[in-house]
Protein chains: 2
Amino acid sequence: MTAPGRKPVARATLDPAPDATLRRFSGYLIKRAESVVRSDVNAALAPLGLRMFSFSALAVIVDTPGLRQAHLADALAVERPNIVAVLDDLQSRGLVSRERAPDDKRAYALEATTAGHELYRMALAAVTEHEERITKGLSEKDRQALIRALSVLVETGLAETGPRARGEEDEDEDEDEDD
Amino acid sequence: MTAPGRKPVARATLDPAPDATLRRFSGYLIKRAESVVRSDVNAALAPLGLRMFSFSALAVIVDTPGLRQAHLADALAVERPNIVAVLDDLQSRGLVSRERAPDDKRAYALEATTAGHELYRMALAAVTEHEERITKGLSEKDRQALIRALSVLVETGLAETGPRARGEEDEDEDEDEDD
DNA sequence: GCGCATTAGATATGACTTATATCGAAATTC
DNA sequence: GAATTTCGATATAAGTCATATCTAATGCGC
């Protein structure tokens with residue numbers, strides 16, 4: 001028999017996988033899946049000059065015209081400073097407008113421009129293709145079940161992570177938090 | 001004093017969620033879920049001086065005694081340089097040993113020490129609790145379905161994005177995996 | 001045995017993601 | 001009208017990962 005050249009891994013048959021224990025945890029698989037998702041979606045969006053995060057921001061702005069940056073940050077579950085650079089980019093490319101809110105001159109009312117809507121349409125198509133690509137091993141039913149399960153998990157996480165009250169006393173405020 | 005609080009956006013009633021469109025993509029939810037997972041598991045492991053990644057490395061080493069660093073990197077789907085610092089840490093704390101492989105003096109045979117096994121047992125318990133915590137909104141059946149769906153997605157991604165797995169069997173080509 | 005290409009691990013570096021702390025300006029409260 | 005809070009911006013830093021390159025050791029062919 002031909003002696004095995006270098007690594008007779010044969011893991012497909014003998015060894016289930018070195019990370020078999022880890023694969024019994026959804027958390028581990030979520031992390032692995034996130035890596036797959038990120039690289040694929042970023043590749044899909046790169047031709048459009050977008051990334052996963054800037055696409056997400058654009059999507060929320062398109063769907064919620066006039067929202068403020070803080071709301072956008074809340075929607076995407078990130079801190080406020082994280083969206084500034086993204087909006088700088090989107091705005092400088094003429095995709096979104098930041099107009100001072102009439103009722104609150106500190107705030108910006110965010111809106112997608114015509115070009116923004118245009119790019120968004122293309123990006124949405126690219127992301128839809130990406131979604132089909134990464135979930136092509138799943139039936140539509142399984143994909144929906146996956147989405148439902150992840151939604152529950154995310155909502156549970158949001159509720160759990162708890163109010164990080166930095167004030168102290170007094171009333172309670174609801175806040176989301178993350179990582 | 002006015003009860004409700006701050007901004008009468010009224011979006012809670014009108015708009016289900018600003019990211020409703022995004023939530024129809026598993027990719028988006030996976031990213032959001034990953035954030036929940038990471039913060040929770042890291043908090044759970046912090047008392048033990050571990051993170052998600054070092055725990056994963058320890059788990060693979062415990063389950064696959066004698067494996068080399070490159071195999072570990074493959075198992076965790078990361079590049080080789082990324083595990084060096086982790087192993088430096090685990091080794092300096094006496095949790096894993098790096099012994100030169102007898103048949104290949106360039107390579108290290110990784111093994112968990114007694115202390116490593118000990119810590120691993122505790123970490124595994126902590127991670128199991130973490131898993132129960134983040135999936136407590138799901139039935140065990142749904143959790144298993146989630147794991148299965150994610151496994152399919154990850155495997156699809158591995159096959160697609162790039163044969164990083166040199167564990168397959170025979171040759172492998174190089175690609176990128178990005179991220 | 002002597003080169004040559006390859007492989008294992010280490011180092012250096014950089015991209016990307018995301019959080020905390022703080023500031024100025026505007027808004028709100030008293 | 002001063003104090004406090006909120007909005008967005010800036011600065012900084014931590015954490016996650018990849019690529020390129022270096023060193024030793026291996027394997028192969030001559």
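Lettering of chains follows the sequences in order, A, B, ..., and the numbering in each one begins at 1. Model, not experiment: these values are computed from the prediction.
Across the protein-nucleic acid pair, B:Arg80 atom CZ and C:dA10 atom C1' stand 13 Å apart, rounded to whole Å. Counting to the nearest Å, the C1' atom of C:dC16 and the CG atom of A:Leu50 are 16 Å from each other. Distance, A:Leu87 CG to D:dT10 C1': 15 Å, rounded to whole Å. Rounded to whole angstrom, the span from the CD atom of A:Gln91 across to the P atom of D:dG8 amounts to 13 Å. Remark: C1' of D:dA9 and NZ of A:Lys105 are 20 Å apart, rounded to the nearest angstrom. In this structure, B:Glu34 atom CD and D:dG15 atom C1' are separated by 11 Å, rounded to whole Å. Atom CG in B:Asn42 sits roughly 6 Å away from atom P in D:dT16 (whole-Å rounding). Following rounding to the nearest Å, A:Leu45 (CG) and C:dC16 (P) show an atom-to-atom distance of 14 Å.
At least one cation-pi condition fails for A:Arg68 and A:Tyr108: the charged atom is not both under 6.0 angstrom from the six-membered ring centre and inside a 45 degree cone around its axis.
Nearest-nucleotide mapping onto DNA chain C: of A:Pro81 and A:Asp103, the residue sitting toward the 5' end is A:Pro81. Between A:Leu67 and B:Pro102, the residue anchored closer to the 5' end of DNA chain D is A:Leu67, taking for each the nucleotide with the nearest heavy atom. Sequence order on DNA chain D of the closest nucleotides to B:Ala101 and A:Lys31 puts A:Lys31 first from the 5' end.
Nearest nucleotide to the side chain of B:Asp88, out of C:dT11, D:dA18, C:dG9: C:dT11. Listed candidates were D:dG8, D:dT10, C:dG9. Nearest to the side chain of A:Gln69 is D:dG8. Nearest nucleotide to the B:Phe53 side chain, out of D:dT26, D:dC17, D:dG8: D:dC17. Distance from the side chain of B:Asp104 is smallest for D:dA25 among the nucleotides C:dC16, D:dA25, C:dA27. For A:Arg98, taking side-chain heavy atoms from C-beta onward, the closest of the listed nucleotides D:dA18, D:dA9, C:dA10 is D:dA9. Comparing atom distances between the B:Arg38 side chain and each of D:dG8, D:dT16, C:dA10 picks out D:dT16 as nearest.
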Salt bridge (charged side-chain N to carboxylate O under 4.0 Å, His left out), that's the test. Do A:Arg143 and A:Glu131 meet it? Break it down for me.
CA-CA 10 Å; A:Arg143 191 184 139 261; A:Glu131 174 80 6; 2.9 Å; yes

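Note on A:Val84: it does not cluster hydrophobically with A:Met52, by side-chain heavy-atom contacts below 4.5 Å among ILVMFWY residues.
A:Arg100 comes within 4.0 angstrom of no nucleic acid atom, judged by non-hydrogen atoms across all strands. Heavy atoms of B:Asn82 sit under 4.0 angstrom from at least one base atom.
B:Arg106 contributes no side-chain N or O that forms a donor-acceptor pair with the base of D:dT26 under 3.5 Å.
Using a cut-off of 4.0 Å between Lys/Arg side-chain N and Asp/Glu carboxylate O, B:Asp89 and B:Arg51 are scored as not salt-bridged.
Using cut-offs of 30° and 60° for the angle between ring planes, the A:Phe55 and B:Phe25 rings count as perpendicular.
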